[in-house]
Every structure is written in C-alpha cells, then in structure tokens.
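Keep in mind that the numbers below use all heavy atoms, side chains included, and drop hydrogens, waters and symmetry copies. Residue indices begin at 1 and follow the sequence shown. Computed from a predicted structure; not experimentally measured.
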Amino acid sequence: MISSLSPTLTEPRLISSMCSISATVAPPSLHSISLIHSPMKQRKAQSLRLRASLASLSIDVGVVPIPKKVLVPIGYGTEEIEAVVLVDVLRRAGADVTLASVEQKLEVEGSSGTKLLADVLISKCAEQVFDLVALPGGMPGAVRLRDCGVLEKIMKRQAEEKRLYGAISMAPAMTLLPWGLLTRKKTTGHPAFFGKLPTFWAVKTNIQVSGELTTSRGPGTSFQFALSLANQLFGETTAQSVGELLLLRDGYQNPKIEEVNSIDWSLNHTPRVLMPVANGSEEVEVVTIADVLRRAKVDVTVASVERSLRITASRGTKIVTDKLIGEAAESAYDLILLPGGHAGSERLQKSKVIKKLLKEQQEAGRIYGATNSSSTVLHKHGLLKEKRTAVYVSDTDGPASDQMIEGAEVVIDGNVITSLGLATVTNFSLAIVSKLFGHGRARSVSEGLVHEYRGNLKAS
C-alpha cells in the first residue's frame with residue numbers, strides 16, 4: 001500500500017527467499033543459517049550474524065520485502081483502544097504484528113468490555129525474535145502482563161539486545177518498572193500513575209523516546225504512540241503516509257465539530273446503543289466507540305451480522321461480539337451507530353435486519369449515525385435526505401456534495417450524527433456523550449482517555 005517502505009531484514013524467515021536475492025557480497029554460509037538445531041546461545045549469535053550478512057545484500061526490485069516483526073501482548077483488562085490502535089497502525093505501515101494472549105486462552109476481555117481474539121498464546125512467542133515489542137496499558141491488564149513470566153523474559157531480552165520496546169498508559173509504571181526496564185530512561189505514562197514513575201526520570205509529554213524505549217500516556221495518545229513506533233521501524237515518510245490515511249492532520253488537534261438543527265438528546269434512563277458490525281468493519285472505530293461510550297455509562301451492544309459472534313475486522317483484528325444481529329434486533333435502542341470500513345459497510349448494507357432497524361429508528365424519531373464509509377449505508381437506505389453530513393473524503397458514492405460540511409470531522413443534524421471516522425472517531429464518540437449527558441461527563445471521560453476535549457459544538 002505504501003511505496004516508501006524500505007526492505008526489512010528479519011532472520012530465518014528470509015532463508016526461503018534466498019534465491020530471489022542478488023548478492024553484492026558473498027552470501028551467508030550454510031553454517032550461518034543452520035539455526036534450527038543449535039543451542040540457544042549459538043542461535044542468538046548466528047541470528048545476529050545472519051542479520052548482519054543479509055543487511056549487506058541488495059534486494060531485487062520485484063521482491064516483496066519481509067515485514068518487521070512486532071509483538072503486542074494482551075491480558076484480561078488490557079485497554080482495548082491502545083491494543084487495537086497499535087495493531088492497526090503498525091499493520092498499515094507494513095509490520096507483521098502478532099497479538100498474543102498472556103492468559104490461558106485466546107479470547108481476552110478488555111478493560112471496557114470489548115472481547116478480542118488473540119492470534120496466539122504468548123508461549124508461542126517465547127523463542128521468536130521481534131523488531132519491536134509494544135505493551136498496551138489498562139487495568140488490570142498491565143498487572144496481568146507484569147505477572148507473565150514468558151513476557152518478562154521476552155522484554156528483558158529485547159532490552160538487553162537493544163531492540164525496540166515500548167509501553168503506554170499504565171504499562172510503564174505497572175509493568176516495565178517492576179521488571180527494571182526503566183533504569184536511567186526518561187519515561188512518561190498515564191497521569192493517574194505518573195507518581196509511581198522514578199521521580200527524576202518522569203516527564204509529562206505525550207510521547208517520550210529514550211534510546212530503544214518509547215512510552216506514552218493513554219488511549220488519547222495511542223495514534224501518536226503507534227506512529228512514533230512506525231517512524232522508528234520504517235522511517236518518517238512511511239509514518240507520515242499512514243498518518244494521512246488515518247486522517248491525522250492539523251484538524252485533529254483542533255477538531256471541527258458542527259451541529260445544525262439542534263435538538264435535545266438527553267434521556268431519563270441509561271442510553272442503549274446498538275453497533276452492528278461485520279467482517280471488514282474498521283476495528284479502531286468499533287473498539288473506540290464502544291470504549292468511550294461505556295466509560296460514559298452507556299449500555300452498548302456490539303452485534304454481528306455474520307453467522308458467528310466472531311468477526312475479522314479490516315486490519316485482521318478478531319473481535320468477539322456480544323450478540324448476533326437477529327437476537328439484538330428483538331430490542332429497541334436509543335441510538336444505532338454504524339462503524340466504517342469499506343468491506344464491512346458493504347456487508348452492513350446488504351443486511352435486511354439492519355435496513356429494517358434503521359427504518360424503524362428513523363420513523364420513531366430516534367438517533368442514528370455512521371462513521372467513515374458507512375454513511376453510504378444510510379444514504380442508500382434514504383436516511384440522509386435533507387441532512388448535512390461529514391462523509392469520508394474518498395467516498396464518491398455517498399451523499400451529494402452540497403450535503404457535506406467542508407472540513408468538518410463530525411456533523412450533527414437533528415437526530416443524525418456522521419463522522420469521517422478513523423482517528424476522528426474519539427471526537428465523534430465524545431460528541432455523542434456530550435449530547436446525551438452534557439459537557440461535564442464528556443470532559444471527565446476525555447480526561448481518563450488523556451484526550452483534549454474541545455467543549456462546545458459549533459452551530460452552523
């Protein structure tokens with residue numbers, strides 16, 4: 001996807017492609033690549049020699065580079081926004097990312113209730129070499145990571161061999177510090193845990209790079225954290241390209257959120273939200289909307305339109321939903337929100353159940369909305385007539401251009417809310433919290449996320 005990716009040289013997996021490599025120097029000897037039966041110390045030494053030898057080879061233009069290997073471990077109570085943003089951003093940059101469970105099973109429930117399905121158990125990663133290991137935070141997730149002996153050995157080896165490692169939110173204080181991996185390293189972390197960091201080395205910045213270690217503050221700084229790691233792995237050009245794809249730009253720091261035809265969204269009961277999802281839905285949007293709204297005490301149901309509770313999102317993250325759409329459709333909801341992701345949006349559009357639910361929502365005057373490409377679903381079902389919108393900029397099959405408010409990340413028109421999605425989805429979610437509960441709760445949730453809340457909606 002991104003042409004600026006530089007060839008990435010990672011150890012034994014490249015051996016099978018040796019026939020595609022044109023050497024400008026003598027290739028590694030057979031002895032130097034016979035790693036399988038060697039003792040551990042020999043394997044490490046030979047792996048390093050192999051990397052050095054391969055680094056001096058020139059790769060033919062037509063050969064697909066092998067991606068950098070990244071490990072993202074998760075446990076019960078891991079902050080799901082931080083985990084999923086890391087996986088999403090680094091895969092977009094070209095990394096081979098493994099999501100590994102430190103529990104005894106692959107299914108892991110995050111700190112706000114979203115269930116993720118890991119790729120492997122952490123034990124499968126014990127002898128692998130990673131270019132980067134990045135720890136998400138969350139409680140008790142950071143403690144679950146700390147108490148995993150296999151992960152501790154992986155991280156200590158990562159630091160000893162001077163490969164990249166990072167941690168965000170609670171993980172610097174609750175995971176890396178007990179392992180002794182913050183010694184003489186400038187470090188940042190979540191404000192609520194900042195006092196636990198070594199006093200003379202703690203810094204109040206969103207991102208802190210100290211040698212091989214990178215730390216960050218919380219869910220609201222996850223994109224910055226992941227892009228900093230992408231920059232270190234692949235270079236500035238790649239990181240900037242990914243940032244642009246994610247809609248990270250100047251407006252992200254000063255978001256334009258507009259409202260027309262304002263009505264009162266407040267309720268006298270706990271708001272109930274339905275978020276239908278499908279294979280190909282954008283995982284960052286699914287997880288962020290659910291996380292932010294649940295922090296605000298909204299009752300959120302994530303429902304699969306597939307035949308299984310498990311869906312595979314657009315960047316390969318596997319999410320275990322709460323219900324199948326047929327069961328979820330038996331109830332009424334105050335809001336129905338469609339996440340984006342082109343393949344996922346197409347599947348949502350084909351669902352007769354979703355179409356029926358949305359029509360009933362409109363007829364009852366209840367709230368509905370969409371992010372990213374799913375605004376097209378609303379449009380094709382006739383649910384955006386005479387409504388102003390913020391539509392994903394590359395979508396040419398959505399509402400007419402005169403419906404769009406140029407430059408707006410989030411637009412609220414009466415009982416309809418739309419957003420560009422991706423990196424703007426936190427502002428979308430906080431706008432919903434603000435409309436339902438007021439600015440006070442939205443600000444409180446924002447502080448927990450370490451996300452700057454801009455306050456009042458701009459009326460057009």
Problem - Q232 side chain vs S228 backbone, donor-acceptor pair below 3.5 Å - result: yes

Exercise for the section: Count the heavy atoms of every other residue, nucleotide or ligand shown that sit under 6.0 Å from NZ of K115, and state whether that count exceeds 12. Expected result: yes

Exercise for the section: Verify side-chain hydrogen bond (donor to acceptor under 3.5 Å, both in side chains) between Q208 and T187, making sure each step is shown before the conclusion. Expected result: CA-CA 6 Å; Q208 180 60 45; T187 309; over 6 Å; no

Problem - Other residues, nucleotides, ligands: >12 heavy atoms within 6.0 Å of F194 CZ - result: yes

Exercise for the section: Nearest 0.5 Å please: distance from the CE atom of M155 over to the CH2 atom of W179. Expected result: 6.0 Å

Problem - Distance, nearest 0.5 Å, that separates CD of E282 from OG of S373 - result: 9.0 Å

Handout entry: I319 and L117, any side-chain heavy atoms less than 4.5 Å apart
Key = no

Practice task
State whether the side chain of R146 and the backbone N or O of P178 hold a donor-acceptor pair below 3.5 Å, judged by distance alone.
Solution key: no

Completion exercise
When N427, T426, T221 are each screened for side-chain hydrogen bond (donor to acceptor under 3.5 Å, both in side chains) with H451, the one that passes is N427

Exercise for the section: Take I289 and D291 through the side-chain contact (heavy atoms from CB on, under 4.5 Å) test and state the conclusion after the steps. Expected result: CA-CA 6 Å; I289 293 169; D291 189 316; over 6 Å; no

Practice task
Would you please say whether a donor-acceptor pair under 3.5 Å links the side chains of Q240 and T237?
Solution key: no

Exercise for the section: For D322 and T301, indicate whether the former's side chain and the latter's backbone hold a donor-acceptor pair under 3.5 Å. Expected result: no

Practice task
Please check if the side chain of K256 supplies one atom and the backbone of I405 the other of a donor-acceptor pair under 3.5 Å.
Solution key: no

Problem - Test side-chain contact (heavy atoms from CB on, under 4.5 Å) applied to V284 and L246, step by step - result: CA-CA 10 Å; V284 166; L246 292 167; 5.9 Å; no

Handout entry: Gap between atom CD of E127 and atom NZ of K153 - 0.5 Å precision
Key = 9.0 Å

Exercise for the section: Decide side-chain contact (heavy atoms from CB on, under 4.5 Å) for W265 and I412; before the verdict, give the C-alpha distance in whole Å, the side-chain angles of both, and the deciding distance to 0.1 Å. Expected result: CA-CA 11 Å; W265 285 18; I412 302 171; 3.8 Å; yes

Handout entry: Short N-O contact, R157 and E152, less than 4.0 angstrom
Key = no

Problem - Carboxylate-amine/guanidinium contact R91 D119, below 4.0 Å - result: yes

Practice task
Output yes when a side-chain donor or acceptor of R366 lies under 3.5 Å from a complementary backbone atom of L335, and no otherwise.
Solution key: no

Practice task
Please confirm whether the backbone N or O of A278 pairs with a side-chain atom of R347, one donor and one acceptor, at under 3.5 Å?
Solution key: no

Exercise for the section: Evaluate the criterion side-chain hydrogen bond (donor to acceptor under 3.5 Å, both in side chains) for residue pair T188 and T215; output intermediate values, then yes/no. Expected result: CA-CA 6 Å; T188 191; T215 51; 5.6 Å; no

Practice task
Could you tell me whether the side chain of S419 and the main chain of G421 form a donor-acceptor pair under 3.5 Å?
Solution key: yes

Problem - Side-chain touch L116/T78, heavy atoms, less than 4.5 angstrom - result: no

Practice task
For Q403 and K387, indicate whether the former's side chain and the latter's backbone hold a donor-acceptor pair under 3.5 Å.
Solution key: yes

Handout entry: Sub-4.5 Å side-chain heavy-atom contact between V133 and V70
Key = no

Practice task
Return yes if some donor-acceptor pair links the side-chain N/O of Q128 with the main-chain N/O of K124 below 3.5 Å, else return no.
Solution key: yes

Practice task
Determine whether the side chains of T321 and S304 contain a donor N or O and an acceptor N or O closer than 3.5 Å.
Solution key: no

Exercise for the section: Could you check T317 against E283 for side-chain hydrogen bond (donor to acceptor under 3.5 Å, both in side chains), going step by step and ending with a plain yes or no? Expected result: CA-CA 7 Å; T317 301; E283 48 261 76; 3.1 Å; yes

Problem - Y333 six-ring centre to R272 NZ/CZ under 6.0 Å and within 45° of normal - result: yes

Fill in the blank from the handout: One should read off an interatomic distance between L151 CG and L71 CG, to the nearest 0.5 angstrom, of 7.0 Å

Handout entry: Side chains of E82 and S222, donor plus acceptor under 3.5 Å
Key = no

Exercise for the section: Please assess E80 against S111 for the test side-chain hydrogen bond (donor to acceptor under 3.5 Å, both in side chains), listing each intermediate value before the final yes or no. Expected result: CA-CA 7 Å; E80 45 262 72; S111 58; 3.1 Å; yes

Fill in the blank from the handout: Here the gap from D147 atom CG to T175 atom OG1, rounded to the nearest 0.5 Å, amounts to 9.0 Å

Exercise for the section: Determine, step by step, whether N415 and N261 satisfy the side-chain contact (heavy atoms from CB on, under 4.5 Å) criterion, reporting the C-alpha distance in whole Å, the side-chain angles of both residues, the deciding distance to 0.1 Å, and the verdict. Expected result: CA-CA 9 Å; N415 63 337; N261 303 316; over 6 Å; no

Exercise for the section: For the pair E212 and R163, evaluate salt bridge (Lys or Arg N to Asp or Glu O under 4.0 Å) and give the outcome as yes or no after the intermediate values. Expected result: CA-CA 6 Å; E212 294 79 27; R163 292 192 296 272; over 6 Å; no

Problem - Salt bridge flag under 4.0 Å for residues E360 and K356 - result: yes

Problem - Contact check, side chains of T114 and V302, non-hydrogen atoms, under 4.5 Å - result: no

Exercise for the section: Determine yes or no for a side-chain-to-main-chain donor-acceptor pair under 3.5 angstrom, with E306 supplying the side chain and S308 the backbone. Expected result: no

Problem - Stepwise salt bridge (Lys or Arg N to Asp or Glu O under 4.0 Å) test for D334 and K435 - result: CA-CA 13 Å; D334 300 296; K435 287 289 294 181; over 6 Å; no

